[in-house]
Every structure is written in C-alpha cells, then in structure tokens.
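Shown next, in structure tokens, is the structure this report addresses.
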Protein chains: 4
Amino acid sequence: MSTEAASPQGLTKSRIEALSDGIFAVAMTLLVLDIKPPEVIQAAALPRELLALWPRCLSYAVSFLMLGIYWVGQHNQFHLIRRADRTLLWINILFLMAISFVPFSTALLSAYPLQPSAQTVYGATLIAIGLILLSHWAYATRRHRLVDAELDDRMIRFVIRRILIGPALFTLAIALSSFSAAASLLLYAVTPLLYVLPGRVDQHWRPSGR
Amino acid sequence: MSTEAASPQGLTKSRIEALSDGIFAVAMTLLVLDIKPPEVIQAAALPRELLALWPRCLSYAVSFLMLGIYWVGQHNQFHLIRRADRTLLWINILFLMAISFVPFSTALLSAYPLQPSAQTVYGATLIAIGLILLSHWAYATRRHRLVDAELDDRMIRFVIRRILIGPALFTLAIALSSFSAAASLLLYAVTPLLYVLPGRVDQHWRPSGR
Amino acid sequence: MSTEAASPQGLTKSRIEALSDGIFAVAMTLLVLDIKPPEVIQAAALPRELLALWPRCLSYAVSFLMLGIYWVGQHNQFHLIRRADRTLLWINILFLMAISFVPFSTALLSAYPLQPSAQTVYGATLIAIGLILLSHWAYATRRHRLVDAELDDRMIRFVIRRILIGPALFTLAIALSSFSAAASLLLYAVTPLLYVLPGRVDQHWRPSGR
Amino acid sequence: MSTEAASPQGLTKSRIEALSDGIFAVAMTLLVLDIKPPEVIQAAALPRELLALWPRCLSYAVSFLMLGIYWVGQHNQFHLIRRADRTLLWINILFLMAISFVPFSTALLSAYPLQPSAQTVYGATLIAIGLILLSHWAYATRRHRLVDAELDDRMIRFVIRRILIGPALFTLAIALSSFSAAASLLLYAVTPLLYVLPGRVDQHWRPSGR
C-alpha cells in the first residue's frame, strides 16, 4: 500500500472516479462527430443520403452502449473496492487510455463496416478494455487486497465471469469476420443488449448487495 | 431493486449525475464546432459572410437552450428521486445517448435549415429525448417506486404535463415542415422560450418544494 | 424563490457549478483545436511554418486566460451567493451559452487577426459574457436576494466595478479596431493581465473575506 | 492570502480540482482525434494503411501517459496542500493552459515524428508543464506557506527531484533531436515508463504518508 491507499478520506478513489467520468463523458460524446451531415447537391437527395447514414448510427449506438456498460462495470467495482493504491491507479489510467481509443475504432468501423481488418481493430479495442477491467478486479480482490475481507468469493468470481462475456463474444466476432462480415457485425450489435437487458444477473446481485 | 438501489450512500445516483453533467457539458460545447470562420477571398466580404452565419447561430442557441432545459428537467427529477436502480440507470444512459446525438441533428439543421427531412431529424431527436425523460419519470414514480411515498400525485402529473410540452410542439413542427419550413423553424425557435420564461409553473412548484 | 432555492442541501448550486466546470473545461480545451500542424511540402520549411502560428498561439493564450478569469469570477460570486433560484439558474445557462461561443470567436480572430469585423465579434463575445456575469451578480445581490444579509454594500459595488473592467476595455478595443487593428489586438492581449496580476484587489478582498 | 485561502470549506481547492479533472479528461480524450481512419481506394490496402498508423498510436500512448503522470503529480501535490490562494490558483490555470496545448504538440509530433522542430515543440510543451508544476510545489511549500507545518523537508525535496526527471530527460531529447531523431523519439517513449513502473519511489512515499 502507498500513501494514497493509506489516505483515510479516500481522496484518490474519488478523483480517479472524477477523471473517469470526465473521460467517459468526452469519449461517449465525441462518437457523434463521426456522423456528419451529408453534402448533397440536390435537395431531393437529402432523405436518401440521411438513410444511408444508418451504419454510422448503428456504430454510434453500439459504441455508446459498450462505453456505458464499461462505465457501469468500473463503477460497480469501485463500489466494492474500499481504497486505491498506486497499481490500481495506473491500471485505471491504462483502462482510460483504451476507453479514449474507442472513438477511433468506431470511426474506423463506420468507414469500413464490412472489412475484416476494421472489425478486428474494433473488436480488439473492446477486448482490451474488458481485459484491463478484469485485471483491475483481479488485482483489487487478490487476497482481498483492496476489498472488504468479508466480500464473498462467489461474488468475486461472478464479477469475473460477467466481465468475460464481452471479450469472449468479441473474440468470436473477430474470428467470424473473415468468414462472414455481416455475422460479425451482428454479433457486435447484439452483445451490448446481453448486458443491458435485465436477467438472472439482477437476482444474483440482490442478496449480496445489503 | 438491485444492489445499487440498496446502496445507502446513493453513490449510484451521484455518479449518474456526474456522467450526465459531463455529457451535457460536452454536447453543449461541441455545438459551437458547427459554426466555422468563413473562408473568404476578399477582406471586404468578411462582414457579409459573418452575417450569413445567423442560421447557424440560431440553431446553436436553440439547441443549447433545449439541452439546458433537458438538463434542468433531469436535475429536477433527480431532486425528487430518492434512489437509483438498474432500470433507471439504463434509462439514463439511453437518455444520454439521445443527448449526445443533438450536435449531429443541430449540424444537420444548420446545413439544411429549410429542408423538411433535416427539420424532421432535428425534431425527432428532441422528441426522443423528451419521451425518454418522460419514461424516466414514469418509471421512478409508478407506485412511488423510487420517490418518497409522500410525493403528491398532482406533482407527479404536473411534471408529466410539463415534459410533454416539448414533444407536442416538436411533433407539430415536424407536421408543419412539409407545408411551411419557415413556420416549422419558428416553432423550434419559440419552444425553448416557453420553458425558460417564468410563468405559472413557478407558482406551482413553490408550495410542494418545502 | 422556487423549490430549488428552498432546497436546504443547496443541490442546485452545486450542480450548476458542476455543469459550469464541465463547460469551461471543454471550451478551454477546444481552443487548441484551432492550432493545427502546418501542412508543408519541404521539411526545411517546418520551423518557419511553426513560427507563423504565433497569432493563433496568442489568441489561444488570451482566450484561455479570459475564460479562466470568467471562471474565477463566477466562482467568486457563487462563494458569496447562498442559494440559487430559477432566474439565477437561467442567467447561468445564458452565461454558459456565451462561454461556449468563445472557441468560435477565437477561431475567427485567429483566422483574421487584423480585420475589424473579426475583432468586433471577438470583443462582443467577451463583453456579452461580462455583462451576463454582471447581471448575475446584480440579480443575486439586489436587496440581498440570494446573499447574506450582512454582505457589505462596498463589497457588492467592488465586485461590480471589477467585472466592468473587461467590457469597458473590450468596448475600447472595438472602437479602436477601425483606426488601428494592431492597437486593438494589443488591448485584447493586455486586458487579461490586468485581472491576473496581483494588485490592490487582493488587499481589498482580504478584510471582507473572513 | 486572499479570501479564498481563508475559506474554511476549502471550496476553491475542490473547484480547482474539478476544473483540472475536466481539462485533463478533455485533453486526454482529444488526443485520439489525431488518429483518423485511413482513406483508401482498395479494400486490400486497409490492413497496410492501419499498420502505418503506428507512429500516431505511439504518440497517443506517450502523450496520454504523460498527461496521466502530470495529473497524478498535481493530485499528489493537492493531497499535501492544505489550502489554495490567489497565486496558486493562477499557477494552476497556467498549468492547465499548458496541459490543453498537448493535443496540438502531439498532433505535430504525429505528423512529423522525425523532424527536430516538431520534436522540440513537443519536448518544450512537456518541459513547460513540468516546470509550472515545480513552481506550483515550490510556491506552496516555501516556508510551508500552504502545507502543514509538520511536512518533512525531505519529502518536499523528494517531490522536487521527482518532478525534475521529466524536464531533464525531455531537455536531453531535444538536444538529441538534431543528431538522431530516432534516439530522441525513443527517449520520449521511455520516459513515461520511468514514472509509471513501480520503484524505490513507493518505498519512499510509504512512511511519510501516514
């Protein structure tokens, strides 16, 4: 533990959260810069040009939701983490570095929605974020380093399994991309819904929350 | 209710607010990127070119005010909502996804102020935000789920009516856009003033505030 | 007074501050987007092209400092204002609308540093911000509406005089711009220093601060 | 000391931190705007074009980490600083002005990674940030002006030495740039790791942290 961990006010934890909220907010909002008003010659062509923006709107929605999911994930971890230390701080900054990269990956996917290399970069970015978030949790919970001693091991493993859903599906999407770019895209679009829609998860969280 | 709802510190509520404030701040400030210094050949033409920016400045002002109005609306709801749960969290992220879309809709309206399709996209964005905010309130207040049991039903209905003003007028603006694009634009410009200018509203709020 | 004013937690005041800090942070950081790496053909030309960026760097510095000054000004007012009400809220949103406009005015001045019309738009933006900040203070302090009853009238007038320095000098800069664009530019560059450098001001603040 | 220093709530300190977190978040996230999807004619060329982005990705990573390092540095200082005064406030705004400049310096280095003038501007920006942070600490600790009277002099000097690592290495990188642009680049890439990787530092911090 460093001085920051020793800080009784938890100042570090709250400032990491403040920086994170800021970076998430900017990254989520920058996504829209990738959707630009079409440049049309004839007014009559505008409706058709607008409809042609749908792949960009889909990328926007998927990336926004995935950023929201990762934001909730980090938030939930911090809810259970009691204090921060130097290593946790730098894992967080690495995490935010990957988060800030999402607007680029999204712009790339929007520009080349059916190219395997673009799909791979997009998937790799989201996998990297997931794995950093996983290491964040693994570091904090190893021998209950930064969490309450009473925190249930089943809860620790449950969070790990839940984080892994994303990277697992995105690895599948990357593998699919060489065979069927459309199937890969579909998988990217469906994955966020698995996190967002309520399910067994919430029943699991309930008892351990009190 | 999930663990987050059970959290006695209301951590989740304050972090949703932090992310919201960040996204509103970025979305509101990005609007200005749509107004660019004119590229002129002759210096003498600059004043005229600057005056020609007025439709963009008007879009900027209307969108900024509407974002301000929705920010106040969300803020007022959170003032009365006692705790957050998982569903409320995701309604909020959907809300923020629509908020972040406003810079695109504004850029579109600025580029094509008199095109019905641009006016429709702009109006549809603002209507979507209003309806998500409405569902946020409806979810939180249904059977006083997330608000105080004492919260007056008249107050609940008053908030609903107030939110609906925007979507109602924007629906009218969309309907108008095919007949008179100018009248539609005017309606977009006037609507924010209805929220901003003081009126009977404030008398209504006063007694229930204590 | 509305419910928000009645709110004992001062929630509204702190959320206005949060939105303000966000908008100031974004507006201040967006200024740099106006300084772009030069596009050069020959590597040998790069140093010269970089030196040619100085007017943009100067605009950047002046605008950043003026935004910093107005941020401090709003902050100092909120330090003395005890509660917010609906009118104060909307004055603040108008204030932020003008703040968000600064990146455009700066980009315009950077592109046309010696054109009277660009200098006028730049000055008018900063004057508008100053006058809105003045009305913010006038509204809050009139009959000690939102400040402590004990707040000294001399302090109230001192803040007013201090805010007026900027708009007064910027009005002079606009008037000068038709005669000598260089003198006008110089005045824009010097004004922030009057606020930043320590002076009699600090002596004045000291006794009334306790 | 001004009124702000006298403020018992430490309001100023927390609002400087809020503005700083916002500006750091925006500056860190804007870095990615410099990496753009390649514009390719043939789909087969996309993978090669993506690989060609690696210098931009490296600049992104180095700048992101350096901003993270400076953010941690400011944060650590504020942890030990008990109150803010007017001078400290303006040193901070100067600091943030240099921080906001980093996206430009990074874009410049990305565009001209092997040009001495671009390397010099990049290094000079990071040196300026380091020196402002140093003056921030020197001002706060001189005769224990704004820190606890008990703060150990060895701790004060330790922080100074630690801040100086960056500017010293960046000065070397600038000096190297005329001889070997590649060696200079390498030094820029290695420096952040010296701060991020754990080392003797952490042992040093531990005892003085309580």
Side-chain angles (χ1 to χ4, degrees), chain A residues 14 17-40 43-51 53 56-57 60-61 63-65 67-69 71-72 74-76 78-80 155 192 195-199 201-210, chain B residues 1-9 11-12 14-31 33-34 85-87 89-112 114-122 124-125 181:
Chain A
S14 76
E17 289 182 310
L19 185 70
S20 300
D21 287 346
I23 284 182
F24 270 101
V26 183
M28 288 161 102
T29 322
L30 285 185
L31 294 172
V32 85
L33 294 186
D34 196 37
I35 313 178
K36 292 195 180 68
E39 289 177 37
V40 295
L46 187 56
R48 200 179 53 228
E49 293 284 320
L50 285 173
L51 288 176
L53 289 175
R56 289 183 178 266
C57 292
Y60 170 77
S63 292
F64 198 98
L65 284 180
L67 286 176
I69 287 160
W71 176 77
V72 171
Q74 188 205 26
H75 162 269
N76 282 341
F78 268 116
H79 191 64
L80 296 169
M155 181 67 178
Y195 283 102
V196 175
L197 296 178
V201 175
D202 306 292
Q203 285 157 36
H204 208 297
W205 276 84
R206 206 181 306 154
S208 44
R210 302 272 165 185
Chain B
M1 266 176 284
S2 75
T3 44
E4 293 146 64
S7 150
Q9 311 93 316
L11 179 70
T12 297
S14 75
R15 272 204 86 188
I16 296 177
E17 289 182 310
L19 185 71
S20 300
D21 287 346
I23 285 182
F24 270 101
V26 184
M28 288 161 103
T29 324
L30 286 184
L31 293 173
L33 294 186
D34 195 38
D85 69 4
R86 203 176 172 284
T87 303
L89 172 70
W90 286 106
I91 296 176
N92 267 289
I93 289 180
L94 211 65
F95 175 71
L96 296 174
M97 192 159 97
I99 290 294
S100 292
F101 200 73
V102 170
F104 164 72
S105 303
T106 306
L108 182 67
L109 188 67
S110 289
Y112 306 99
L114 297 173
Q115 289 297 319
S117 55
Q119 294 187 337
T120 301
V121 170
Y122 187 72
T125 306

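Note: hydrogens, waters and symmetry copies are ignored here, and every other heavy atom, side chains too, is used. Naming: A, B, ... by sequence-line order, numbering from 1 per chain. Because the structure is a prediction, the values reported are computed rather than measured.
With contacts defined as side-chain heavy-atom distances shorter than 4.5 Å, the pair L65(A)/W90(B) qualifies.
Your options are L96(B), V121(B), T120(B), and the one with the most heavy-atom pairs under 4.5 Å with chain A is L96(B). With chain A as the partner, the residue from T87(B), L108(B), L19(B), V26(B) showing the most heavy-atom pairs under 4.5 Å is L19(B).
Contact annotation for I23(A): neither backbone nor side-chain heavy atoms come within less than 4.5 Å of a heavy atom of chain B. Heavy atoms closer than 4.5 Å to chain B are found nowhere in L67(A), neither backbone nor side chain. The contact between L50(A) and chain B is made entirely by side chain atoms (from C-beta outward), counting heavy-atom distances below 4.5 Å. Interface remark: A18(A) contributes no atoms to any contact with chain B (heavy atom separation under 4.5 Å). Only the side chain of L30(B) comes within less than 4.5 Å of a heavy atom in chain A; its backbone stays farther off. Of the two parts of F24(B), neither the backbone nor the side chain holds a non-hydrogen atom closer than 4.5 Å to a non-hydrogen atom of chain A.
A distance of 3.5 Å separates OG in S117(B) from CG in L46(A), rounded to the nearest 0.5 Å. Atom OH of Y112(B) sits about 8.0 Å away from atom CD of E49(A), to the nearest 0.5 Å. Between the OG1 atom in T29(A) and the CE atom in M28(B) there is a gap of 12.5 Å [rounded to 0.5 Å].
Nearest approach of S100(B) to F64(A), heavy atoms of both residues: OG-CE1, 3.3 Å. For the pair Y60(A) and M97(B), the tightest heavy-atom approach, listed with the atom from each and the gap, is OH-O, 2.7 Å. Between A25(A) and G22(B) the shortest heavy-atom distance is CB-C, 3.5 Å. The minimum heavy-atom distance between R15(B) and Q74(A), with the atom names listed, is NH2-OE1, 3.9 Å.
With sequence neighbours left out, S63(A) forms a side-chain hydrogen bond (donor to acceptor under 3.5 Å, both in side chains) with T106(A), Y122(A).
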*Step by step, work out the side-chain contact (heavy atoms from CB on, under 4.5 Å) result for F104(B) and L31(A).*
CA-CA 10 Å; F104(B) 164 72; L31(A) 294 172; over 6 Å; no

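Sorted by first and then second residue, the salt bridge (Lys or Arg N to Asp or Glu O under 4.0 Å) pairs involving residues 22-33 of chain A (not counting sequence neighbours) form an empty list.
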